[in-house]
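Inspection log for the structure reproduced underneath, given as structure tokens.
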Protein chains: 2
Amino acid sequence: MGKNTYKDEDEYRRRRERNNEAVKKSRVKSKLRSQATHERVQQLQMENTKLEEKIGFLASEVEFLKDMLCANHSGKTLFFRPYFIISSFH
Amino acid sequence: MGKNTYKDEDEYRRRRERNNEAVKKSRVKSKLRSQATHERVQQLQMENTKLEEKIGFLASEVEFLKDMLCANHSGKTLFFRPYFIISSFH
DNA sequence: GTTAATTGCGCAATGC
DNA sequence: CGCATTGCGCAATTAA
């Protein structure tokens, strides 16, 4: 009646106390992980936006260069020297 | 001694029971949100990879077009007609 | 076989 | 009022 499977009540309390600490620790850890994941999402979204911008820029550059090639091919004079055109995009 | 601030024990139990349900519900919700966030990370990473690939491709295209322009400018004959070159990249 | 970590669950306080 | 959210402890289970 006055007993559990534990040797004594002090033993029980010691175990409980240690487990309570472990639980707290584990939950802090979990919370931090969750937080990190949210930050990861933010970071990836920003990265993504940058990449989209870069793609837009490169696509324009390609269009521009194609125009230069076409203009040249159709016999028109290029307004800039190619080297200048290219370096202006670096 | 045999009383709380509640009208009666039944009232108390009803409240407790409802709260327990609410807690369970809330935790399921939380778990689903967390799961969704993880999936979002996966999705963004994939998207990111695709964008990086696209950038690589566009950068090559730019290099190629610059070479064509330079070759042309230095007086050499282009091996392909520009239109063909361009369409080959679409 | 012991100890620490994780998990489901209920309680109570508090937020909305 | 009442549900939702949160910190905390208990006990069972799992991983080290």
Side-chain angles (χ1 to χ4, degrees), chain A residues 1-66 86 88-90, chain B residues 1-67 88-90:
Chain A
M1 273 168 178
K3 281 255 171 190
N4 279 326
T5 44
Y6 297 101
K7 298 196 187 90
D8 53 48
E9 206 58 22
D10 287 357
E11 170 65 12
Y12 170 73
R13 279 316 321 161
R14 269 195 297 279
R15 284 166 186 272
R16 283 290 344 124
E17 208 49 49
R18 270 202 299 262
N19 179 246
N20 290 342
E21 288 308 306
V23 168
K24 271 187 244 178
K25 188 177 168 188
S26 177
R27 284 172 180 159
V28 166
K29 199 172 158 189
S30 165
K31 202 159 283 186
L32 289 178
R33 250 180 300 154
S34 159
Q35 212 175 308
T37 305
H38 278 291
E39 279 160 22
R40 183 99 183 93
V41 168
Q42 305 281 320
Q43 188 210 338
L44 283 168
Q45 278 173 337
M46 282 179 61
E47 225 169 293
N48 221 287
T49 302
K50 294 266 185 204
L51 294 175
E52 299 269 19
E53 280 167 12
K54 191 162 182 177
I55 284 170
F57 179 80
L58 284 170
S60 305
E61 190 172 2
V62 165
E63 284 315 301
F64 181 79
L65 291 169
K66 281 179 183 174
I86 291 163
S88 73
F89 270 105
H90 280 163
Chain B
M1 276 169 179
K3 281 256 171 192
N4 279 328
T5 45
Y6 298 100
K7 299 193 187 96
D8 53 49
E9 206 58 21
D10 287 357
E11 170 64 11
Y12 171 74
R13 279 314 323 158
R14 268 195 297 278
R15 283 166 186 273
R16 283 290 346 122
E17 207 50 50
R18 271 201 298 265
N19 179 246
N20 290 342
E21 288 309 306
V23 168
K24 271 187 245 181
K25 188 177 169 188
S26 178
R27 285 173 179 157
V28 166
K29 200 173 160 188
S30 166
K31 201 158 285 186
L32 289 178
R33 251 180 299 151
S34 158
Q35 210 175 308
T37 304
H38 273 89
E39 279 161 22
R40 183 100 184 90
V41 168
Q42 305 281 320
Q43 188 209 338
L44 283 169
Q45 278 173 336
M46 280 180 62
E47 224 168 296
N48 221 287
T49 302
K50 294 265 186 207
L51 294 174
E52 299 270 18
E53 278 168 14
K54 192 163 182 175
I55 285 170
F57 179 80
L58 285 169
S60 306
E61 188 170 4
V62 166
E63 285 314 302
F64 181 78
L65 292 169
K66 281 178 183 173
D67 285 350
S88 73
F89 270 103
H90 279 161

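In the text below, chain A, chain B and the rest are named by the order of the sequence lines, each starting its count at 1. Note: hydrogens, waters and symmetry copies are ignored here, and every other heavy atom, side chains too, is used. This one's a predicted model, so the numbers in the text were calculated from it and none came from an experiment.
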Main-chain N/O of A/Arg33 paired to A/Thr37 side chain as donor or acceptor, under 3.5 Å
yes
In numerical order, the residues of residues 17-27 of chain A whose heavy atoms come under 4.0 Å of DNA chain C are A/Arg18, A/Asn19, A/Ala22, A/Val23, A/Lys25, A/Ser26, A/Arg27
With a 4.0 Å cut-off, would you call B/Lys24 and B/Glu21 a salt bridge?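 Answer for the salt bridge query: yes.
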- Pair A/Arg15 + A/Glu11: basic N to acidic O under 4.0 Å: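 Salt bridge flag = yes for A/Glu11 with A/Arg15.
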Considering just the side-chain nitrogens and oxygens of [X], establish if one lies under 4.0 Å of OP1 or OP2 belonging to [N].
X       : N      : answer
B/Lys31 : C/dG8  : yes
A/Arg15 : D/dA12 : no
A/Arg13 : D/dC10 : yes

* Asked: So what does B/Arg14 touch, heavy atoms closer than 4.0 Å: a base, only the sugar-phosphate, or nothing?
  -> nothing
Choosing from C/dG10, D/dT5, D/dC10, which nucleotide comes nearest the side chain of B/Lys29?
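The listed nucleotide nearest to B/Lys29's side chain is D/dT5.
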* Asked: Do you know the tightest heavy-atom contact between B/Leu44 and A/Val41?
  ->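 Heavy-atom minimum between the residues: CD1-O, 3.8 Å.
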TODO: For residues B/Asn20 and B/Arg16, report the shortest heavy-atom separation together with the two atoms involved.
DONE: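 B/Asn20 and B/Arg16 have their closest heavy atoms at OD1-NH2, 2.6 Å.
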When rounded to whole Å, the OH to C1' distance for the pair B/Tyr12 and D/dG2 reads 17 Å
Pairing string of DNA chain D (Watson-Crick or G-U wobble, both atom distances under 3.5 Å; | = paired to other strand) is .|||||||||||||||
Check your understanding: What do the steps show when you test A/Glu53 against A/Lys50 for salt bridge (charged side-chain N to carboxylate O under 4.0 Å, His left out), and what is the final call?
Key -> CA-CA 5 Å; A/Glu53 280 167 12; A/Lys50 294 266 185 204; 5.3 Å; no
